[in-house]
J.: 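One structure coming up, written as structure tokens, with questions to follow.
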Amino acid sequence: MSESVQVATFRLGSEEYGVDISQIQEIIRMVEITRVPRTPEFVEGVINLRGQLIPIIDLRRRFGMDRIEPTKSSRIIVTDIGTKRIGMIVDSASEVLTIPLESIEQAPEIVAGLDADYLQGVGKMGERLIILLDLTMVISGAQRRELEDAG
Amino acid sequence: MADDHFDRAEFIAYFRDEAEELLHRIDADALKLEQSAAAGKADPETVNALFRALHTIKGNAAMLGLDETARLAHGLENLCDLLRTERVALSASCVELLLRGRDLLSALVAAEPTGGALPASLPAFLERLGRVEERETSPTDDAQALTETPSRAVSGLRRQTIRVDIERLDSLLNLVGELVINRTRISDLATSLSRAEGEEPLRKALLESAALLARTCGEIQESLMKVRMVPIGRVFERFPRVVRDIAKARGKEVRLEISGAQTELDKTIVDEIGEPLMHLLRNCIDHGIEFPEVREREGKSREGTILLNAYHAGNQIVIEMTDDGGGIDFERVRARALAARLIAPEERLNEQELLELIFRPGFSTAENVSEISGRGVGMDVVQKAVTHLKGFFTVESEWKRGTRFQIKLPLTLAIITALLVRIGKGLYAIPLDVVLESQRLEIADIRSVAGNEVVTLRGQIVPLIRVAEFFHTEGARDPEKAMTVIVSVQGRNIGLVVDAFEGEQEIVIKPLSDLVGRIPGISGATILGSGAISLILDVHALVADAYASGKAARAELVAAEA
């Protein structure tokens, strides 16, 4: 049996993304988000997840896409990165896919709107292209930008 | 037990914990002996207590194979036995020996379990202990009897305690927090269901059950908070020894009086307040209490007194350290502040403002700190620690009469009472202990001073902060209906302009994720009974900010006049 990765897929606009399921804690429906002043733009606020405060980032904003009003299919993907728990707003969550490693290609050097450092590769499943994300880099990139804003 | 693995590290942690406690007690008892040393006769109860403490350390150390620790404890235990049976007379040198032995023991407890370097003076000390023993002739066969009787006597008094990892307690507290939130939700559901039609008995049952749940929840929460409370005496107990040692080293005579040691507060705070208090104490002896000759010349007793007092006031604990020393020399404070460029030569400050200068970082960095009769060594460190614990630190002083430091701390950092206010769409919590009053804001009352909005409150000028503007968020739609909350931090008042008051509530403080970053003006967040999130205003920061900008404005005003 050849090696593969299991990813949870979700949509942002017309693009499909995948995240290693081991990084995902749970996927929840949109809830009311409390805005926190003086935070970077892509930090949407915090939510109350069973008594725990979880910061929420808008992945669209993080990737430089236009912000949209949440719809019925909007979801928050709750992930654990190291000891930090964080939620990310996505347009919709799709399914869990098993992608054979051989179907994953290195990311092309230029992908519109994405810094290459949190891009792990692109999985090809028939006609579908799934952009595989390294969430650790999404967050550390977020913190970096926050620092730049502050400085 | 499922885990049959002998976890030595865990045992050692327990051993150290217990030994540390016992060592504090040994300190206290040895000092008691010192006081009666002049009479040459030891109080048997005190000696017995010393004996038991040393005996326990010896036993535990031997069990863990800490041979040197056990040997030293044994030697000291013998010394106590000689004292008790009056084969050795109690003397100052005897107490000195006990105290030195106790310090060595403390070093061994720290070093031996982890294979650290043992104190070099240990062999010589053990030998000296042995010489005390040799001097007497009769065998110590009644040592056994001594350990038996008192330990039985004491077991009746002994409180039943168990050591619990604070993290486990914290996670329990978190769970209770969730329970409390859910309780409110169930109560709400029961209430709304009770307005529905039909199913009368079912609705009644649900309501009753919700009420019961509410009560149980409250009780669990309260007892859990109590579990975290420990007497402040835990911090105080090491101070008599410290005072004795520092006073001796400085050639001063100092008596430390402690009261209110039973006053309880949250464990986290107890853990963090020890160092700052120690700092303060050292400062009192170094700079507050005069040399005995000076005191005599001033018509005071040779021995200076430091009074350490703790008591509850509302939901705060007040810790006071009062000395009858020389007081603070305002002229010298001023001179040093000038030298350190903390103030400008033309700046006129009243006594309170001068006193506050000693809390400023940089005040103590001037050369020859120890020669300055004023205070200020590391006061900024104390100030910082107290602020970190959401407390207040104040000082008052009378020249040649003494100085009083006062620290006010919240009883617990986890739960506070807060005033909830609405600003735009957001709900914010203001800790109630800083709120002076709240009132409707009359637009006509707002004045402008050098570009800053102020109101006059009973003759005092109070700067206003429009919280919405401070946070760059959407604020009041109708400024005519704005409200102000007057808050006060260390005697400085500001008015926070908000949209509406939403009542008072007990809130459980939760930290904001560090991914959100440190936000100026916000100290944390809380989840309300409705499940909604409310951010907690960092009033300390808001006041500091207002006064910083106010000062700038004042400077401009002065410049314009000149």
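Each chain gets a letter, A, B and so on, in the order its sequence line appears, and its residues count up from 1.
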J.: Tell me whether A/R128 at atom CZ has more than 12 heavy atoms from other residues, nucleotides or ligands lying less than 6.0 Å away.
T.: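 Count over threshold, so yes.
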J.: Considering all heavy atoms of both residues, which atom of B/I519 and which atom of A/P37 are nearest to each other, and what is their separation?
T.: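 Minimum heavy-atom separation between B/I519 and A/P37: CG2-O, 3.4 Å.
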J.: Please find the pair of heavy atoms, one from B/L535 and one from A/V36, that lie closest to each other, and give the distance.
T.: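 Scanning both residues, the minimum pair turns out to be CD1-CA, 4.0 Å.
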J.: Measure the CD1-CD1 distance between B/I533 and A/I33 for me, rounded to the nearest 0.5 Å.
T.: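 Taking CD1 in B/I533 and CD1 in A/I33, the distance rounds to 9.5 Å.
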J.: Could you look at A/R35 and say if it's the side chain, the backbone, both or neither that has a heavy atom under 4.5 Å from chain B?
T.: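 For A/R35, backbone heavy atoms alone lie under 4.5 Å from chain B.
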J.: Does any backbone or side-chain atom of B/L427 lie under 4.5 Å from a heavy atom of chain A? Answer side chain, backbone, both or neither.
T.: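 It is neither, since no heavy atom gets under 4.5 Å.
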J.: Evaluate whether atom CD of A/E32 has more than 12 neighbouring non-hydrogen atoms of other residues, nucleotides or ligands under 6.0 angstrom away.
T.: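 12 or below, so no.
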